[in-house]
K.L.:
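Handing you a structure now.
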Amino acid sequence: MKRSGYCNEIREHLLGEQVTLCGWVNSRRDHGGVIFIDLRDRTGLVQVVFNPERQPQVHRQAHGLRNEYVLRVCGAVVRRPAETANPKLATGQIEILAESLEVLNTAQQLPFQLDEEGVGEAIRLQYRFLDLRRGEMQRNLQFRHRVMQTVRRTLDEAGFLEVETPMLTRSTPEGARDYLVPSRVNPGQFYALPQSPQLFKQLLMIAGYDRYFQIARCFRDEDLRADRQPEFTQIDLEMSFVQCEDVMALAEGVIGAVFREALGAELSLPIPRLTYAEAMDRYGLDAPDLRNPLHLVDLTESMRQTGFKVFAQAANQAGSRGQHGMVKVLRVPGGAQLTRKQIDEYTEFVGIYGAKGLAWIKLNGPWQEDGWQSPIVKFFSDAEKEAIRTTTGAEVGDLLFFGADRASIVNESLGRLRVKLGKDLQLLQGAPFSFVWVTEFPLLDWDNESRRHVAVHHPFTAPMQEDREQLDQSGMEEQFLDKVRSQAYDLVLNGTEIGGGSIRIHDPKLQERMLALLGIGAEEAEEKFDFLLKALEYGAPPHGGLAFGLDRLVAILLGVESIRDVIAFPKTQKAGCPLTQAPSFVDPLQLRELHLRTTQVQK
RNA sequence: GGGGGUGUAGUUCAGUCGGUUAGAACGCCGGCCUGUCAAGCCGGAGGUCGCGGGUUCGAGCCCCGUCGCUCCCGCCA
């Protein structure tokens, strides 16, 4: 079963040569006389000609060929007759004059056409082995491969060791729900699949490996989205004796190499930076897309005395943990042309994020000439109108959207509205890929449901040196804890977080204090994190790292909507696999061996 | 857990106000055809309208339930 090369390699330099190719019938054009076959392999297409005069035997055979039959073809590489070259094909100047043909396998009629756009995802996933034959999927997975190899090579050259960590590990509190694996030999006990290799990579630093990386599969049993799968891949790395700057510089080098080798583009460095506070203030979200020119303006100060009660109330509302009130405005240049219907749709949109309404002003002319069209403008004094005009820089023809509520609601609703307007009004400008680092995240957040603090990044993230004092002294007083920032950083690409990391806590006392703040008592910490706390007491070096979401990164670089299109065998939104029918019921015997009984009976 | 969208031929879709035999394109099958590459021309086959129930003289269409797929909220350190 020899072949001389791949389809796409057949070019003019092989003219006159005998070649042998293997591949699939991409299409067949039977003229009764001459028959053309486009033969396809993962590299591309080449045209094979069956000529009844030159090779009557082979020509007769070729009548029976159908799409997706698997062939081995031998023949001479010949120049196509003038006028019949195909400039759309890389191999379009030549063709193979078939001299022998072997049908290695036949194929049934396909459940969908491989060259058709817009085929439903359900059928694509059910026949994923056919879907993956399509050029787009071949391109996606080959691109993903290129990214992974670039990462491996770059990190290897930077002195990183690739170390594997367990897939069967222990369940820990905090974070997402675990996928559990019952232990046959330990009745009633379970492993958990890792949500990330976080603790293991810290142990590797403590073990002195200095620089670790892994392209690691991670598992989280949570509800899915277009950019979330139950199992996903992280480019996970950790370094010893470093500070934030070192990790970020290293990460920029990796991304730069990916740009160069996978995309053939040059990444402009350094990547700009924003603090979390700046990002929230200006964009309302912690993952802003800087290609979008819109931004939020804080009006809280100038609205404290306003006669518009909704605004005044929000502007004067005190509180901690994002509960304090706020008035912000989003200026849409030229937005006065939006229709009432469109504005209603945006009002409905911000409702998703808890906004009770969406106040607006259309600037059809100067306010002095009654040029402001709005249900609320009558409540504002001249001074307030002037304050709105000057702080937003609004001009005639603009539209202003207002948010007045708790800070968390104002920021999220206007922040999301900014993103939606950017898309709807096609405002994005600049380079196609826009990176930004977001730094100085808060260390802790308050979870109202469980009435306790939770780690914004994770429980092993170090606080910023400057804020360390507040953490030590404040006890459980929330107004102080809110102000503590962490040495954490996220890398954002086009408005999506594609990576994040932090400097970790290497002081066992601080780590215990941190767990206590999260409501994990000494006893529970001892039980769940004993190995980490102990390890920290045996010469743990300062260390930190970061993880990239490989699926998201590849999806954005390729411009595809869903990470399912860059994963060979993804799962559906209900975490099922239409190809293998996983998950499935199992033989009761298997359950018995595992000491399990389920409450769900097979129908 | 909640909200939106969707399900009709192998595929992508249309299907009017509830009314005769559910259509189109592509694909598939057969025939013709010697330079196509979205080949062309002629002919043909192909339907559990997701599933179950209800309303009605009559349901692809209306109602109830259910399942799948999808987008979002919650959730995802």
Side-chain angles (χ1 to χ4, degrees), chain A residues 26-39 45-54 59 63 66-68 80-89 91-92 95 97 107-127 130 172-178 195-196 198-199 218-230 232 348-354 412-413 416 420 441 443-445 447-450 453-461 486 488 497 500-502 514-515 518 520 547 549 561-562 564 571-574 576 578 603:
Chain A
N26 195 68
S27 70
R28 171 182 69 113
R29 295 175 292 281
D30 187 340
H31 287 244
V34 69
I35 298 172
F36 301 99
I37 294 288
D38 286 343
L39 192 68
L45 300 177
V46 67
Q47 175 165 283
V48 180
V49 189
F50 297 89
N51 191 305
E53 284 153 16
R54 301 225 200 174
H59 177 262
H63 271 295
R66 294 294 180 269
N67 279 346
E68 300 304 312
R80 290 195 188 191
E83 312 295 307
T84 68
N86 184 356
K88 289 186 217 161
L89 225 53
T91 58
E95 60 194 6
L97 196 55
Q108 295 196 343
Q109 183 189 349
L110 269 47
F112 54 89
Q113 288 160 250
L114 299 190
D115 57 0
E116 190 169 340
E117 304 263 323
V119 177
E121 231 186 329
I123 194 94
R124 286 177 51 205
L125 292 183
Q126 190 186 340
Y127 292 90
L130 296 178
T172 52
E174 294 280 323
R177 295 184 180 89
D178 286 319
Q195 296 181 23
S196 84
Q198 179 61 33
L199 294 174
C218 306
F219 305 85
R220 292 175 194 178
D221 187 7
E222 295 292 347
D223 289 350
L224 306 180
R225 291 282 191 284
D227 62 353
R228 290 195 333 223
Q229 281 274 301
F232 59 99
E348 197 178 331
F349 175 78
V350 295
I352 296 172
Y353 305 101
E412 182 165 23
S413 58
R416 300 280 195 155
K420 185 164 174 61
F441 278 80
L443 185 68
L444 299 165
D445 193 14
D447 177 34
N448 229 344
E449 206 170 309
S450 59
H453 283 98
V454 292
V456 167
H457 187 56
H458 58 50
F460 320 106
T461 298
S486 65
E497 180 206 325
S502 65
M514 181 69 185
L515 291 175
L518 296 173
I520 299 172
E561 292 292 319
S562 158
R564 292 186 296 272
K571 293 189 171 48
T572 66
Q573 199 162 44
K574 281 196 69 190
K603 285 177 191 136

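By convention in this document, chain letters (A, B, ...) are assigned in the order of the sequence lines, proteins followed by strands, and residues within each chain are numbered from 1.
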K.L.:
Given atom CG of A:Leu110 and atom P of B:rA9, what is their separation to the nearest angstrom?
P.N.:
18 Å
K.L.:
Need one value for A:Ile35: base, sugar-phosphate or nothing, where a base atom within 4.0 Å counts as base even if backbone is also close, heavy atoms only.
P.N.:
nothing
K.L.:
Between B:rG15 and B:rA22, how far apart are the two C1' atoms, rounded to whole Å?
P.N.:
7 Å
K.L.:
For the P atoms, the ones on B:rG50 and on B:rU16, what distance do you get once it is rounded to whole angstrom?
P.N.:
14 Å
K.L.:
By the definition side chain to side chain contact (heavy atoms under 4.5 Å, CB included), identify the one residue from A:Thr461, A:Leu444, A:Ile520 that meets it with A:Met514.
P.N.:
A:Leu444
K.L.:
Compare the ring of A:His31 with the six-membered ring in the base of B:rA39 and state whether they stack (centres under 5.5 Å, planes under 30°).
P.N.:
yes
K.L.:
Please answer whether the main-chain N or O of A:Tyr353 pairs with a side-chain N or O of A:Ser413 as donor and acceptor at a distance below 3.5 Å.
P.N.:
no
K.L.:
Look at the rings of A:His458 and A:Phe460 and say which category their plane angle falls in: under 30° parallel, 30 to 60° tilted, over 60° perpendicular.
P.N.:
tilted
K.L.:
Provide the distance between the two C1' atoms, one in B:rC13 and one in B:rC17, to the nearest whole Å.
P.N.:
23 Å
K.L.:
Taking the P atom of each, how far is B:rU21 from B:rG58, in whole Å?
P.N.:
15 Å
K.L.:
Is there a Watson-Crick or G-U wobble partner for B:rC76 with both distances under 3.5 Å, and which nucleotide is it?
P.N.:
none
K.L.:
Can you tell me how far CD of A:Gln108 sits from CG of A:Asn67, rounded to the nearest 0.5 angstrom?
P.N.:
14.0 Å
K.L.:
Any N or O donor-acceptor pair under 3.5 Å from the base of B:rG35 to the side chain of A:Glu83?
P.N.:
no
K.L.:
Can you tell me how far P of B:rG50 sits from CD of A:Gln126, to the nearest Å?
P.N.:
17 Å
K.L.:
May I ask you to decide if A:Leu45's main-chain N or O and A:Thr91's side chain share a donor-acceptor pair within less than 3.5 Å?
P.N.:
yes
K.L.:
When all nucleic acid strands are considered with a 4.0 Å heavy-atom cut-off, which category describes A:Ile123: base, sugar-phosphate, or nothing?
P.N.:
sugar-phosphate
K.L.:
Can you tell me if CZ on A:Arg228 sees more than 12 non-hydrogen neighbours from other groups inside 6.0 Å?
P.N.:
yes
K.L.:
Mind checking who B:rG52 pairs with, Watson-Crick or G-U wobble, both distances under 3.5 Å?
P.N.:
B:rC64
K.L.:
Using purine N1 to pyrimidine N3 plus N6-O4 or O6-N4 for Watson-Crick, or N1-O2 and O6-N3 for G-U wobble, both under 3.5 Å, which nucleotide pairs with B:rA39?
P.N.:
none
K.L.:
Looking at every strand, decide which applies to A:Val454 at a 4.0 Å heavy-atom threshold: base, sugar-phosphate, or nothing.
P.N.:
nothing
K.L.:
Checking A:Gln195 side chain against A:Gly175 main chain: does a donor-acceptor pair fall under 3.5 Å?
P.N.:
no
K.L.:
Show which side-chain atoms of residues 119-126 of chain A pair as donor or acceptor with protein atoms under 3.5 Å away, not counting sequence neighbours.
P.N.:
residue, atom, partner, partner atom, Å
A:Glu121, OE1, A:Arg564, NE, 3.4
A:Glu121, OE1, A:Arg564, NH2, 3.0
A:Glu121, OE2, A:Arg564, NE, 2.6
A:Arg124, NE, A:Asp131, OD1, 2.9
A:Arg124, NE, A:Asp131, OD2, 3.1
A:Arg124, NH2, A:Asp131, OD2, 3.1
A:Arg124, NH2, A:Asp565, OD1, 3.1

K.L.:
Which value, in whole Å, describes the distance between the P atoms of nucleotides B:rC28 and B:rU11?
P.N.:
14 Å
K.L.:
If I take atom NE2 in residue A:His63 and atom C1' in nucleotide B:rC29, what distance separates them, rounded to the nearest angstrom?
P.N.:
16 Å
K.L.:
Taking 5.5 Å and 30° as the limits, would you call A:Phe112 and the base of B:rU11 a stacked pair?
P.N.:
no
K.L.:
Both A:Ser196 and A:Val119 contact RNA chain B. Which one's nearest nucleotide lies toward the 5' end?
P.N.:
A:Val119
K.L.:
For a quick check of understanding: with a heavy-atom distance under 4.0 Å over all strands, which category does A:Pro111 fall into, base, sugar-phosphate or nothing?
P.N.:
sugar-phosphate
K.L.:
Distance check needed: B:rA9 C1' versus A:Gln113 CD, whole Å only.
P.N.:
13 Å
K.L.:
Can you establish whether the number of heavy atoms outside A:Glu222 located under 6.0 Å from its atom CD is more than 12?
P.N.:
yes
K.L.:
Identify whether any heavy atom of A:Ala488 sits under 4.0 Å from a base atom; if not, whether one sits that close to sugar-phosphate; answer base, sugar-phosphate or nothing.
P.N.:
nothing
K.L.:
Roughly how many Å apart are B:rG46 and B:rG30, using the P atom of each and rounding to a whole number?
P.N.:
16 Å
K.L.:
Send over the distance from A:Glu95 CD to B:rC37 C1', rounded to a whole Å.
P.N.:
11 Å
K.L.:
At under 4.0 Å between heavy atoms, what does A:Gly120 touch on the DNA or RNA strands: base, sugar-phosphate, or nothing?
P.N.:
sugar-phosphate
K.L.:
Nearest-Å distance, CZ (A:Arg54) to C1' (B:rG35)?
P.N.:
13 Å
K.L.:
Any donor-acceptor pair, under 3.5 Å, between the side chain of A:Arg66 and the base of B:rC29, if you only look at N and O atoms?
P.N.:
no
K.L.:
Write down the distance separating the C1' atoms in B:rU55 and B:rC67, rounded off to the nearest Å.
P.N.:
23 Å
K.L.:
Looking at B:rC28, I'd like to know if its phosphate oxygens (OP1 or OP2) sit under 4.0 Å from a side-chain N or O belonging to A:Asn67.
P.N.:
yes
K.L.:
For the side chain of A:Ala122, counting heavy atoms from C-beta on, which of B:rC69, B:rC26, B:rU36 is nearest?
P.N.:
B:rC69
K.L.:
Are any side-chain N or O atoms of A:His31 and backbone N or O atoms of A:Gly33, one a donor and one an acceptor, separated by less than 3.5 Å?
P.N.:
no
K.L.:
Expressed in angstrom and rounded to an integer, what is the separation of A:Arg28 atom CZ from B:rC29 atom P?
P.N.:
7 Å
K.L.:
Which letter, B, S or -, goes with each nucleotide of nucleotides 70-76 of chain B from 5' to 3', with contact meaning a protein heavy atom under 4.0 Å?
P.N.:
BBSBBBB
K.L.:
Side chain of A:Arg29, heavy atoms from C-beta onward: which of B:rU36, B:rC26, B:rU12 has the nearest atom to it?
P.N.:
B:rU36
K.L.:
Send over the distance from A:Gln108 CD to B:rG10 P, rounded to a whole Å.
P.N.:
14 Å
K.L.:
Between the base of B:rU12 and the side chain of A:Glu117, is there a donor and acceptor pair under 3.5 angstrom?
P.N.:
no
K.L.:
Using both distances under 3.5 Å as the test, list the Watson-Crick or G-U wobble partner of B:rC17, or none.
P.N.:
none
K.L.:
Taking pairing as Watson-Crick or G-U wobble with both contacts under 3.5 Å, can you name the mate of B:rC26, or confirm there isn't one?
P.N.:
B:rG10
K.L.:
When rounded to the nearest Å, what value does the distance between P atoms of B:rG27 and B:rU12 take?
P.N.:
15 Å
